[in-house]
Protein chains: 2
Amino acid sequence: MAQQKKIPDIVIKRLPIYYRFLTNLHQMGISRVSSSDLGKKMGITSSQVRQDFFNFGSFGLQGYGYDVEQLRQEIGNILGLNKQRTMIIIGAGHLGQALARHSAFEKEGYSVVGVFDVNPHLVGTKIRDIDIQHVNKISQFCRENKVDIAVITVPRTYAKDVADLVISLGIRGIWNFTSVKLNVPEDVAVENIHLSDSLMTLGYYVKCLHEREEEQEEQEE
Amino acid sequence: MAQQKKIPDIVIKRLPIYYRFLTNLHQMGISRVSSSDLGKKMGITSSQVRQDFFNFGSFGLQGYGYDVEQLRQEIGNILGLNKQRTMIIIGAGHLGQALARHSAFEKEGYSVVGVFDVNPHLVGTKIRDIDIQHVNKISQFCRENKVDIAVITVPRTYAKDVADLVISLGIRGIWNFTSVKLNVPEDVAVENIHLSDSLMTLGYYVKCLHEREEEQEEQEE
DNA sequence: TAGATTGTTAATCGATTAACAATC
DNA sequence: TAGATTGTTAATCGATTAACAATC
């Protein structure tokens with residue numbers, strides 16, 4: 001069943017946030033929520049909550065609201081969390097290792113099945129129970145194992161080559177932690193974590209706040 | 001000089017991207033660029049490029065375009081990259097340590113000046129040349145040192161308390177790596193890196209691509 | 001039933017794109 | 001000068017918000 005009219009990316013980006021808040025509610029033992037309660041918690045309008053869900057169907061009950069656990073599962077299914085996904089991490093530097101050890105992803109159905117690097121000091125060692133293999137083993141590994149997602153945590157100069165490689169091996173999802181913009185065919189999905197960009201954005205707002213403070217001090221004189 | 005009409009957040013989020021592409025151009029020895037060239041590289045329209053810059057003034061030359069290095073510096077100044085910023089990292093787990101060791105931030109003027117944790121096995125050890133101190137030393141540290149940004153990489157249950165603490169100590173910028181939504185006063189800036197959200201979003205698109213592939217296979221039969 | 005809240009359409013708002021006069 | 005490209009206003013597009021009939 002094909003997606004009819006394309007759902008805006010910005011709506012998709014909000015689904016994990018809904019999922020997160022619904023998980024919280026569920027853990028707090030709350031079994032029922034209205035669009036306006038949920039919106040208030042998340043800092044958006046009730047209209048937006050209902051409008052977002054409307055893209056996928058109708059999950060609520062008029063006059064009642066939403067069943068927390070049911071809605072959570074619906075959104076989980078939309079996101080595909082009901083299916084197990086496998087990831088390989090390419091680049092076992094500080095960040096790559098931290099991600100490999102980050103156990104939280106596993107709970108959501110994402111498991112790291114391989115870690116690769118070029119550094120001979122790392123190749124052969126283990127992260128948790130996974131051997132770090134040399135990058136030149138990636139092709140073989142992907143032939144022998146189903147891999148859904150490649151996590152790219154290599155230095156920026158290698159990012160493009162690594163992306164091209166994993167795409168050629170049939171991987172359709174790339175989680176890109178480098179600052180490089182990856183140009184990929186339309187049948188490949190890329191999600192970027194641009195740490196530096198995020199930090200610079202924060203820096204801008206901090207600067208603005210400092211400037212505002214200085215102004216206020218001047219006015220007080 | 002106060003910011004006149006507020007510049008949209010979405011424009012601010014693009015500034016680091018411009019900065020990044022301009023740095024690349026500069027490193028490639030390219031000294032001149034037009035809005036349409038820059039837009040093409042970044043995957044946006046030339047109109048948007050000009051419209052974005054128009055928020056801050058006029059940096060170009062009609063009939064010529066922009067001087068790469070000059071534009072880069074202008075954007076750097078807007079972002080406040082000309083000023084040195086200090087950060088403390090709270091939570092020296094895998095992610096916190098990886099960020100502390102991530103040297104790239106330093107180049108952009110952000111330096112880690114303190115790392116804190118509660119784990120007695122970590123307290124007293126070093127990351128690079130920085131001592132890991134116990135979290136109960138944060139107040140004292142902030143009184144004795146100017147700290148611009150707090151990086152929060154603690155488990156989610158402690159996130160709120162840590163945020164409240166650093167805000168009470170006068171820190172105005174929070175880089176939040178936990179999955180918790182931090183409710184902060186309006187004179188505090190928060191930037192979130194929600195790794196799980198990003199991964200789930202990627203998972204959604206991977207799911208869609210898989211479904212599309214299956215459909216195509218069916219049609220071929 | 002009366003009250004509440006959804007699903008869904010319509011109105012508004014803001015961001016992107018187009019257009020073009022200004023000018024290098 | 002002629003050509004190119006900006007700065008800037010106007011038009012379009014898309015996302016958010018408001019409104020309300022449907023209905024639990």
Report task. Examine the side chains of B:Ser196 and A:Glu108 and answer whether a donor and an acceptor come within less than 3.5 Å of each other. Result -> yes

Report task. In whole angstrom, give the distance that lies between atom CG of B:Asp52 and atom C1' of C:dA15. Result -> 10 Å

Quick one: which protein N/O atoms are closer than 3.5 Å to N/O atoms of nucleotides 22-24 of chain D? Pair and distance per line, please.
from: D:dA22; atom 1: N3; to: A:Gln62; atom 2: NE2; distance (Å): 3.3
from: D:dC24; atom 1: O4'; to: A:Gln62; atom 2: O; distance (Å): 3.4
from: D:dC24; atom 1: O2; to: A:Gln62; atom 2: O; distance (Å): 3.4

Query - Short N-O contact, A:Asp187 and A:Arg172, less than 4.0 angstrom - result: yes

Report task. Could you list by number each residue of residues 15-50 of chain B showing a heavy-atom separation from DNA chain D of less than 4.0 Å, or answer none if no residue does? Result -> B:Ser34, B:Ser35, B:Arg50

Report task. Whole angstrom is fine here: how far is it from CG in B:Asp67 over to P in D:dT5? Result -> 15 Å

Query - A:Arg212 and A:Gln216: side chain donor to acceptor below 3.5 Å - result: no

Query raised in the report: Is it the case that more than 12 heavy atoms not belonging to B:Lys146 sit under 6.0 Å from its NZ atom?
Result: yes

Query raised in the report: Rounded to whole angstroms, how far apart are CG on B:Leu71 and C1' on D:dT5?
Result: 14 Å

Query raised in the report: Is A:Arg32 close enough and on-axis enough to A:Tyr66, meaning under 6.0 Å and within 45°, for cation-pi?
Result: no

Query raised in the report: How long is the line joining CG of B:Asn55 and C1' of C:dG14, in whole Å?
Result: 13 Å

Query raised in the report: Thinking salt bridges, do A:Glu106 and A:Arg85 make one under a 4.0 Å N-O criterion?
Result: no

Requested in this report: Can you tell me which stems involve DNA chain C, if a stem is defined as three or more consecutive Watson-Crick or G-U wobble pairs, both distances under 3.5 Å?
Outcome: C:3-24 with D:3-24

Query raised in the report: Under 3.5 Å, is there an N or O donor on one side and an acceptor on the other linking the side chain of B:Gln51 and the base of D:dT9?
Result: yes

Query raised in the report: Without hydrogens or angle criteria, can the side chains of A:Thr23 and A:Arg72 be said to hold a donor-acceptor pair below 3.5 Å?
Result: yes

Query raised in the report: Can B:Ser179 and B:Arg156 be counted as having a side-chain donor-acceptor contact under 3.5 angstrom?
Result: yes

**Report entry** is_close_aromatic(A:Phe105, A:Trp175), centroid dist under 6.0 Å
**Finding:** yes

Query raised in the report: Backbone N or O of A:Gly91 within a donor-acceptor pair of the A:Thr153 side chain at under 3.5 Å?
Result: yes

Report summary line: Rounded to whole Å, the NZ-C1' distance (A:Lys6 to D:dG14) equals 12 Å

Query raised in the report: Rounding to a whole Å, what distance do you find between B:Tyr66:OH and D:dT5:P?
Result: 11 Å

**Report entry** Spacing of A:Phe56 atom CZ relative to C:dT6 atom P, expressed in whole Å
**Finding:** 18 Å

Report task. Give A:Phe53 one of three labels, base, sugar-phosphate or nothing, depending on what nucleic acid heavy atoms sit under 4.0 Å from its own. Result -> nothing

Query raised in the report: Rounded to the Å, how far apart are A:Phe59 CZ and C:dT8 P?
Result: 11 Å

**Report entry** Salt bridge A:Glu191-A:Lys13, side-chain N to carboxylate O under 4.0 Å
**Finding:** yes

